[in-house]
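These notes concern the structure reproduced below.
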Amino acid sequence: MKTFYVTTPIYYANSLPHMGHLYTTVVGDFLRRYKRQRGFETFFLTGTDEHGTNIERASAKAGRTPREHVDYIVGELQKMFGAFGLDTEHGGFDIFMRTTEPFHYEGAQEFWRRAAAGRTPKGRENIYKGFYEGWFCAPCATFKTEAEMLPAVEEGGPPLCPIHERPLDKVSEESYFFRLSDYDEALLEIYEARPDFVRPEARRNEVVSLVRGGLEDVSISRLKSSVSWAIPVPDDPQHTVYIWFDALINYITALGWGSEQRRAQAGEDLFEKFWPGVHLIGKDILRQHAVLWPAMLLAAGVELPRAVVAHGLWLDQTGRKGSKTLGNALELPTLLRHFKVDAVRYFLLREMSFGQDAKVDYEAIIERSNADLANGFGNLVSRTLTMIHKYFGGIVPVDDIPESKRLLAKRAGVGSDAQELSSSLELMRDQFIQSIEEFAFHRALEAAWGMIARVDKFISDAKPWELAKSEEQRETLGAVLYRAAEAVRWLAVLLYPVMPESSNAIRVQLGLAGEALVSDPAELKWGGLRPGEQVGEVAPLFPRIDKVKTMSEIEQKVFLDYAASLVDESKPAEGAHATQAAVPGAPTAAGTQPAQPPQQGATEAQAPPEGVAYISIDDFVKVELRVGQVLTAERVPKSDKLLRFTVDVGEAEPRQILAGIAEHYEPEAMVGRKLVIVANLKPRKLRGFESQGMVLAASVGEEGRPVLATFTEDVPNGARLK
RNA sequence: UGCGGAGUAGCUCAGUGGCAGAGCAGCGGUCUCAUAAACCGCCGGUCGCGGGUUCGAUUCCCGCCUCCGCGACCA
């Protein structure tokens, strides 16, 4: 039997379920259902990536052990998948893979050994010991990434730890390296020989140019003393496997590769049966899947995946990536509350031109759901079946028009056979299938909806309600309704992978409850609907959504959540650190005030929570605020945000001050302007220029747009603000 | 500035070396089987700008501009 194996990435067990998880998993679920229909035996993997520093830290912060933390996240993810019908119980994934599974430890270590024993294409060792260099904070006991450190105080000096504000140490740590650099040519040959290996094409080109630019060896281990929440390196207990190396291997250990335990558990050799698979990923993790992973497999002597398929990301209406902090991401519970799961699935597959980014907001989902599902497909099913009930007592009529009535039918504009309709169905079906095979799901659905419009038009042209008035046209009427209903049957079969539940409901409404729904669309033949059978009861498949009402409910909810989060965040988390001083800039005391319903605009919610930390006047006078006048202003080269000013603060020499406002203020317009300056701020170097002070500005709106503090009356330069 | 992506109808986006497309929204009409639905028609675009290749470019090439994401930088 033909087999098909599809994977989502295993999601990092650090964040709660979000749109990204839902999307990739829906695509995977859709693909596997489609392939199963086509007669493949399928295996669908999703799961979680559970090791590494970030999880250690996040769990410590939450006062849990790493194990408790990942179990919690996994629980939330599984709940979400269940709610969206993506779990095994609903015919979804076959395995929820976790990298903390003992069998994964076994398989990953075996993989390491195989890779270590093998040679690169250039004949060298795949894995060697070297030194990993990084900036280390001793009090934190961790390495800091670029994003996690403050710039050096002096040129050429070490960067600072943002938590301890002390210089970081350049530490080199013994580490194993994977000799990725030896794989460039081998990889390029693969991309060349297998144009479908990385898709879509734009992504393939990206990968090719990346690899052409040369590859560097990658560190694949950490000292156990710095990262202990990880898989031990085989035969070297001082080291643990670095997260990416560990995580990617899951795609084969899940199938029992390298683990007797897992093979026994599965009861069959899944690896033999299903590998190689198709990896669905977001374009943000393309490198790991299209470069590192294939090289790893080559190193360990394992067959490469069938394909790496990268999709785009969901953006908000202004084109920004959806994120929790910006509040522009769609909330999964909100989707569940207001939309049918099938409507969400349809939206996700239809709205995104697969491979590209797409914009999304709740309104877009409502509009699609109403236009395509309620007015389109749902209404077609409803009008067709209603007429069968109304004119034929719910009994499926006969398609054929007897010889004697054909002329009459023709006069009414109805053909003597269903040829025209059935061939356009076949054409659409072929386009549908072909588009899916090309990962152009949006195009497949576009084709299906073109067909829906066609059937709607077919009905409007034939005017069954007119035919019903004439006993002579009884057979013509029957033929029209049969044809419409048969077209609906085809659509239900084709759309099953997209909307399993609704497709099933249609099958029941058509009176085909006993028929297999999961039949191969390629095998669809005209005439599957049997005349004389009783059709089921008609019920709306996709209720029309009241846009105004629903939007206001959603907005209300968003506000309440936000208000609640303010209260929550100011509470001590999980009972830990209750007595510690709060981080500067964060709310300090616990707010006990319950969230109030919105009175005004959402910006009201920006007000600080209850329990402000007071400072004394002595604290305030430490800050030396002075009036300064801009003498010169220019953009700082190679910086989007920085303006460099010279400012007269009433001193002998003007000061040089940098401010991150270049996106909102033109330098030319700044000259001569009077500003409020923090005059006794410790000087700092930014982009090579020393900033001797700081410009005060209000921070407005979600993005914190700066609005400079100004005076409406004339003030002398250097005047102190008190 | 580095990397990646995008600029086509009011909105969301398809698309192709050969007379510019869909859906939604808007306007007008038809109809009543249907979920205030469907059907018909209209409105609407110098396909970011400038060059080049070509008989012909929105489509290929070069340059530029703008926007977005990542990086950096924002204390």
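Just so you know, these numbers use all the heavy atoms, side chains as well, and skip hydrogens, waters and symmetry mates. Chain naming here is simple, since letters A, B, ... match the order of the sequence lines and numbering starts at 1 in each. Just so it is clear, the structure is predicted and the values come from calculations on it, not from any experiment.
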When we call it a touch if two heavy atoms are under 4.0 Å apart, what does A:Arg203 touch: a base, just sugar-phosphate, or nothing? sugar-phosphate

What contact category does A:Phe542 fall into here, base, sugar-phosphate, or nothing, at under 4.0 angstrom with non-hydrogen atoms? base

Nearest heavy-atom approach of A:Ala418 to A:Asp399 is CB-OD2, 3.9 Å

Looking only at heavy atoms, the pair that brings A:Phe441 and A:Ile436 closest together is CE2-O, 3.8 Å

May I have the distance from [X] (atom [atom1]) to [N] (atom [atom2]), rounded to whole angstrom?
{"X": "A:Lys547", "N": "B:U12", "atom1": "NZ", "atom2": "C1'", "answer": "12 Å"}
{"X": "A:Asp361", "N": "B:U12", "atom1": "CG", "atom2": "C1'", "answer": "10 Å"}
{"X": "A:Gln288", "N": "B:G4", "atom1": "CD", "atom2": "C1'", "answer": "15 Å"}
{"X": "A:Ile452", "N": "B:A22", "atom1": "CD1", "atom2": "C1'", "answer": "15 Å"}
{"X": "A:Asn370", "N": "B:C24", "atom1": "CG", "atom2": "P", "answer": "12 Å"}
{"X": "A:Leu313", "N": "B:C68", "atom1": "CG", "atom2": "P", "answer": "16 Å"}
{"X": "A:Gln431", "N": "B:G15", "atom1": "CD", "atom2": "P", "answer": "14 Å"}
{"X": "A:Tyr346", "N": "B:G23", "atom1": "OH", "atom2": "P", "answer": "12 Å"}

With [atom1] as the reference atom in both, quote the distance from [N] to [M] in angstrom, rounded to an integer.
{"N": "B:G56", "M": "B:G51", "atom1": "P", "result": "15 Å"}
{"N": "B:G45", "M": "B:G10", "atom1": "C1'", "result": "11 Å"}
{"N": "B:C62", "M": "B:G71", "atom1": "P", "result": "29 Å"}
{"N": "B:C47", "M": "B:G21", "atom1": "C1'", "result": "11 Å"}
{"N": "B:A57", "M": "B:G18", "atom1": "C1'", "result": "10 Å"}
{"N": "B:A75", "M": "B:U16", "atom1": "P", "result": "46 Å"}

If you round to the nearest 0.5 Å, how far is [atom2] of [Y] from [atom1] of [X]?
{"X": "A:Met451", "Y": "A:Leu491", "atom1": "CE", "atom2": "CG", "value": "7.0 Å"}
{"X": "A:Leu481", "Y": "A:Arg483", "atom1": "CG", "atom2": "CZ", "value": "10.5 Å"}
{"X": "A:Arg350", "Y": "A:Arg368", "atom1": "CZ", "atom2": "CZ", "value": "4.0 Å"}

Test the A:Arg474-A:Phe392 pair against the cation-pi criterion, namely NZ or CZ under 6.0 angstrom from the six-membered ring centroid and within 45° of the ring axis. yes

Near-strand residues of residues 459-486 of chain A, defined as heavy-atom separation under 4.0 angstrom from RNA chain B: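 A:Ser460, A:Trp465, A:Glu466, in order of number.
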
Does anything in residues 376-384 of chain A come within less than 4.0 Å of RNA chain B? Heavy atoms only, and list the residues if so. A:Gly378, A:Asn379, A:Ser382, A:Arg383

Ignoring the backbone of [X], work out which of [options] is nearest its side chain.
{"X": "A:Met387", "options": "B:A38, B:C24, B:C33", "result": "B:C33"}
{"X": "A:Thr386", "options": "B:C33, B:C24, B:U12", "result": "B:C33"}
{"X": "A:Lys457", "options": "B:C39, B:C33, B:A38", "result": "B:C39"}
{"X": "A:Ala374", "options": "B:C33, B:G23, B:U35", "result": "B:U35"}

Going by an N to O cut-off under 4.0 Å, is there a salt bridge joining A:Glu446 and A:Arg443? no

Pairing pattern in dot-bracket form [Watson-Crick, G-U; both distances under 3.5 Å; | = partner strand] for RNA chain B: .((((((..((((....[..)))).(((((.......))))).....(((((..]....))))))))))).....

Take atom CZ of A:Arg673 as the centre, draw a 6.0 Å sphere, and report whether it contains more than 12 heavy atoms from other residues, nucleotides or ligands.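 It does: A:Arg673 CZ has more than 12 such atoms within range.
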
By nearest-heavy-atom nucleotide on RNA chain B, the more 5' of A:Leu373 and A:His442 is A:His442

Evaluate side chain to side chain donor-acceptor pair (under 3.5 Å) for A:Thr476 paired with A:Gln473, printing each intermediate quantity in order. CA-CA 5 Å; A:Thr476 312; A:Gln473 293 284 29; 2.6 Å; yes

ring-ring contact (aromatic ring centres under 6.0 Å, His included) involving A:Phe347 - partner list, sequence neighbours excluded: A:Trp314

With sequence neighbours excluded, what pairs up with A:His18 under the ring-ring contact (aromatic ring centres under 6.0 Å, His included) test? A:His21

Can you confirm if the aromatic rings of A:Tyr346 and A:Trp449 lie within a centre distance of less than 6.0 Å?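 Ring centres of A:Tyr346 and A:Trp449 closer than 6.0 Å.
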
Please check the phosphate of B:G15 (OP1 and OP2 only) for any side-chain N or O of A:Arg443 closer than 4.0 Å. yes

Could you tabulate the donor-acceptor pairs under 3.5 Å formed by side-chain atoms of residues 458-468 of chain A, not counting sequence neighbours?
{"residue": "A:Ser460", "atom": "OG", "partner": "A:Asp456", "partner atom": "O", "Å": "3.1"}
{"residue": "A:Asp461", "atom": "OD2", "partner": "A:Lys457", "partner atom": "NZ", "Å": "3.4"}

